Amino acid sequence: MTALPRDELRNLGIAAAILLVAPLPVMGSSYYLGVLIHVVVFAMFAVALNIVFGETDQLFLFMGGLAGIGAYGTALFTNWFGLSAWLTMIAAALFAGLVGLVVSWISARRNFTVVLISILTLNLQLVITEIMVGARDLTGGSTGFTYEEYFSLEAIGGVLGLGPELLIYYISLILLMVILLVYVWLVNARFGVAFDAIREDELAAASIGIDVVRYKVIAGFLAAFVFGLVGPFYAREASYILPSAFTFLTVDVLVLIVLIVGGLRTTLGPIVGAVIVVAIEEILGATLTNWRTAIFGILLIALFLYFRRGVVRFAADRLSTLDGVGSGGESRG
Amino acid sequence: MVTASTMVAIAVDGIAFGVFLALLGVGITLVFGLGEVLNLAIGTFAVMAVLVASWMISSGLGLVVASVIGVVVVAAIGLAADRTLLSPAYRLQGEQRILLGIFTTLGLTVFLDGFLINGINLAFLGGPRLIPAFPASYQLPLDLPTVSVGAAVLRGSSLIVIAVGAVLLAIMFLFLQRTFLGKATRTVFQDEVGAQLVGVEPRRIRTLIFVLSVTVAAVAAIVWALGHQVSVSSGFQFTTFALIVSIVGGVRSLTGAIAAGLLLGLVNQFANFFVGSYVASVILFGAAIVFLLAKPEAIS
């Protein structure tokens with residue numbers, strides 16, 4: 001077991017502390033609590049994309065679909081087996097993970113390029129969306145169904161004295177920190193070395209004994225599992241589940257922007273990116289709701305053309321030039 | 001029991017949809033073959049032509065003039081997009097270029113979608129409404145009679161799509177086979193360094209073909225919209241269909257794209273008729289996935 005780097009843990013601790021007290025200034029406003037949950041949910045999505053795309057160059061463009069599998073799967077398993085949603089969401093996430101595993105395994109075995117994976121998964125996304133809309137008996141079609149009832153929190157909330165929204169927020173925050181710790185552990189363990197080698201040159205990595213397929217499959221499974229696991233939180237936050245919430249344009253495009261804004265292959269990038277993107281959404285929401293799509297389109301283009309380094313790395317470079325010493329925090333990649 | 005005449009009518013509608021998809025798919029194929037940029041905005045460009053045309057018609061112009069304006073506007077925006085957005089992609093090599101191409105054209109799609117839904121309204125500054133919003137579905141007004149062939153009743157709009165599409169495809173083939181620019185295009189397609197050695201400038205050819213591809217898509221969509229409703233959200237849908245056509249046709253093969261377009265159009269129409277549109281779409285996307293798994297070398 002490799003010891004986790006101190007500065008990474010310190011940064012994570014600071015981020016956790018800020019997010020921990022974030023609800024305090026807006027205590028009692030369920031609207032802002034919803035916004036905060038949104039930030040955490042998208043940060044988690046972005047960490048998952050970071051693992052699979054940032055670390056192993058597999059561009060999954062069916063993130064919305066995977067989250068949908070997790071969200072719908074949780075509800076369906078609950079209906080069918082009468083178990084608590086807290087149990088079935090794990091099962092649904094495992095199922096989503098399995099889908100990611102199969103996709104990664106096939107792609108890695110057959111040496112698919114990143115472009116091929118992206119088009120393959122985009123088509124999977126379209127299939128999943130069609131099924132969510134079309135299989136009305138199961139999903140309620142494009143009218144959906146209410147989702148709140150699946151996560152009963154009164155029992156725990158009563159004990160802790162927290163409202164259900166606040167409880168969901170803290171549960172998702174804990175989940176985010178766990179996922180981030182797993183990420184930090186991954187990239188600092190031998191996985192990280194293997195990921196770097198695979199990204200640089202797959203053939204060379206294989207020639208020094210790195211099992212390329214295995215590492216890509218692990219990354220694919222982990223990311224898909226996280227998407228599946230976060231899906232129910234995403235649906236619960238909207239309190240109503242609809243196929244249109246899980247389309248390519250509503251989830252995948254946004255998660256890509258979040259990750260690139262924050263910074264590919266950085267630990268804090270997903271959080272920073274999610275805060276910025278959700279803040280933009282909220283500012284637009286107040287005045288220019290309709291322009292949201294257009295502005296995210298411009299953002300996507302501009303980011304990929306001029307700002308592929310991301311805010312976190314940009315800030316780290318700025319700080320280190322100011323200090324005159326390397327900050328070391330974001331040295332990877 | 002479905003009568004033979006109904007089957008013929010469905011087949012004709014399917015061929016019409018197939019020709020429409022082929023025209024978009026060929027555009028993706030040409031641009032990707034020339035410079036490895038996957039144009040994920042082609043459907044949006046196509047829809048934009050219809051929206052501009054219907055805007056012109058509602059402000060009093062005739063159908064033909066309005067359509068020409070729609071096509072010209074799309075060509076101009078295509079040219080601007082190529083010179084500004086695609087240049088950075090062409091400066092990169094290999095996978096980096098393909099990725100940047102995907103993201104910039106995807107971003108362009110998202111932007112144009114948002115833009116077209118809103119239009120530009122300066123009313124809050126006391127100014128006029130510059131560009132109208134297009135929140136609904138639009139169809140270009142032309143009364144097309146049905147045509148009876150034997151017992152089969154065929155939709156006039158489908159026949160027009162097939163006729164115009166065939167002419168457009170013929171023109172593109174003649175251009176590529178017979179003209180100097182067309183030959184230069186095929187040279188770049190086959191061997192970029194070789195093309196440069198004989199004095200062909202790949203970047204200019206790429207611009208030319210990109211503008212050509214969106215122009216063809218614009219014309220195709222306008223003809224399509226004579227018999228069908230088109231909305232902003234149709235754009236990305238057309239793109240995904242065109243992408244499938246291009247992939248199944250083998251991304252670098254024009255005749256392949258045309259054959260794939262016809263095949264998918266027919267499959268889609270018959271599946272629509274017999275099992276409903278939801279299963280039809282699943283079949284279509286599923287077919288693309290199976291094809292990608294069976295022949296991945298087609299696109300890499």
Side-chain angles (χ1 to χ4, degrees), chain A residues 53 57 59 61-62 103 106-107 110-136 141-142 244 247-250 252-254 256-257 260 284 287-306 308, chain B residues 36 38 40 81 84-85 87-89 94-96 98-119 133 135 232-233 236-237 240-241 243-244 246-247 251 276-293 296-300:
Chain A
F53 177 51
D57 255 358
L59 182 51
L61 290 185
F62 64 150
V103 168
I106 292 174
S107 317
R110 308 197 54 192
N111 283 320
F112 280 13
T113 56
V114 57
V115 182
L116 201 50
I117 298 176
S118 64
I119 292 171
L120 178 70
T121 52
L122 177 60
N123 274 297
L124 279 170
Q125 166 81 53
L126 298 170
V127 169
I128 296 171
T129 308
E130 287 296 332
I131 292 176
M132 286 193 291
V133 176
R136 281 195 200 86
S142 48
S244 59
T247 60
F248 176 73
L249 293 175
T250 40
D252 296 68
V253 169
L254 219 57
L256 266 172
I257 295 175
I260 305 299
L284 293 179
T287 49
L288 292 161
T289 325
N290 299 333
W291 280 96
R292 187 176 162 264
T293 321
I295 287 171
F296 279 124
I298 294 181
L299 209 56
L300 190 62
I301 297 173
L303 283 171
F304 273 97
L305 288 185
Y306 305 112
R308 266 169 287 171
Chain B
E36 297 189 307
L38 209 53
L40 293 182
T84 54
L85 297 180
S87 290
E95 209 152 80
Q96 293 285 325
I98 304 184
L99 268 184
L100 193 62
I102 286 180
F103 286 125
T104 43
T105 56
L106 185 64
L108 187 62
T109 297
V110 176
F111 166 70
L112 287 174
D113 272 12
F115 181 81
L116 291 169
I117 291 267
N118 288 294
V232 170
S233 59
F236 192 65
Q237 208 181 347
T240 53
F241 282 146
L243 192 60
I244 292 173
S246 183
I247 291 167
V251 190
S277 72
Y278 141 58
V279 183
S281 304
V282 172
I283 290 176
L284 220 56
F285 297 131
I289 292 169
V290 170
F291 189 84
L292 275 175
L293 295 176
E297 65 276 10
I299 199 161
S300 47

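Predicted model, so just to flag it, every value in this text is computed and none were measured. In what follows, chains carry the letters A, B, and so on, assigned in the order in which the sequence lines appear, proteins first and then strands, with residues in each chain numbered from 1.
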(message) Heavy-atom cut-off 4.5 Å, strictly under: side chain, backbone, both or neither for A/Ile260 against chain B?
(response) neither
(message) Under a 4.5 Å cutoff for heavy-atom pairs, which residue among A/Val133, A/Thr121, A/Leu256, A/Leu249 has the most contacts with chain B?
(response) A/Leu256
(message) My understanding is that only residues two or more places apart in sequence, or in another chain, count here; which of them pass side-chain contact (heavy atoms from CB on, under 4.5 Å) with A/Arg110?
(response) A/Ile106, A/Phe112, B/Leu293, B/Pro296
(message) Using heavy-atom distances under 4.5 Å, tell me whether A/Ala135 contacts chain B through its side chain, its backbone, both, or neither.
(response) both
(message) For the CD1 atom of B/Ile289 and the CG atom of A/Leu122, what is their distance to the nearest 0.5 Å?
(response) 9.5 Å
(message) Heavy-atom cut-off 4.5 Å, strictly under: side chain, backbone, both or neither for A/Ser118 against chain B?
(response) side chain
(request) Please flag which part of A/Leu59 lies under 4.5 Å from any non-hydrogen atom of chain B: side chain, backbone, both or neither. (result) side chain
(request) Please examine the side chains of A/Ile128 and A/Met132, heavy atoms only from C-beta on, and report whether any two atoms are closer than 4.5 Å. (result) yes
(request) Pick one of side chain, backbone, both or neither for A/Leu120, based on which atoms fall under 4.5 Å of a heavy atom in chain B. (result) both
(message) Between A/Val114 and chain B, with a heavy-atom cut-off of 4.5 Å, which part of the residue counts as in contact: side chain, backbone, both or neither?
(response) both
(request) Looking only at non-hydrogen atoms, find the nearest pair between A/Ala294 and B/Phe115 and report the distance. (result) CB-N, 3.8 Å
(request) Mind listing the closest non-hydrogen atom pair of B/Ile117 and B/Ala133 along with its distance? (result) O-CB, 3.2 Å
Got a list of side-chain donor-acceptor pairs under 3.5 Å for residues 101-108 of chain B, not counting sequence neighbours?
{"residue": "B/Thr104", "atom": "OG1", "partner": "B/Leu100", "partner atom": "O", "Å": "2.8"}
{"residue": "B/Thr104", "atom": "OG1", "partner": "B/Gly101", "partner atom": "O", "Å": "3.3"}
{"residue": "B/Thr105", "atom": "OG1", "partner": "B/Leu38", "partner atom": "O", "Å": "3.1"}
{"residue": "B/Thr105", "atom": "OG1", "partner": "B/Leu40", "partner atom": "N", "Å": "3.2"}
{"residue": "B/Thr105", "atom": "OG1", "partner": "B/Gly101", "partner atom": "O", "Å": "2.8"}
{"residue": "B/Thr105", "atom": "OG1", "partner": "B/Ile102", "partner atom": "O", "Å": "3.2"}

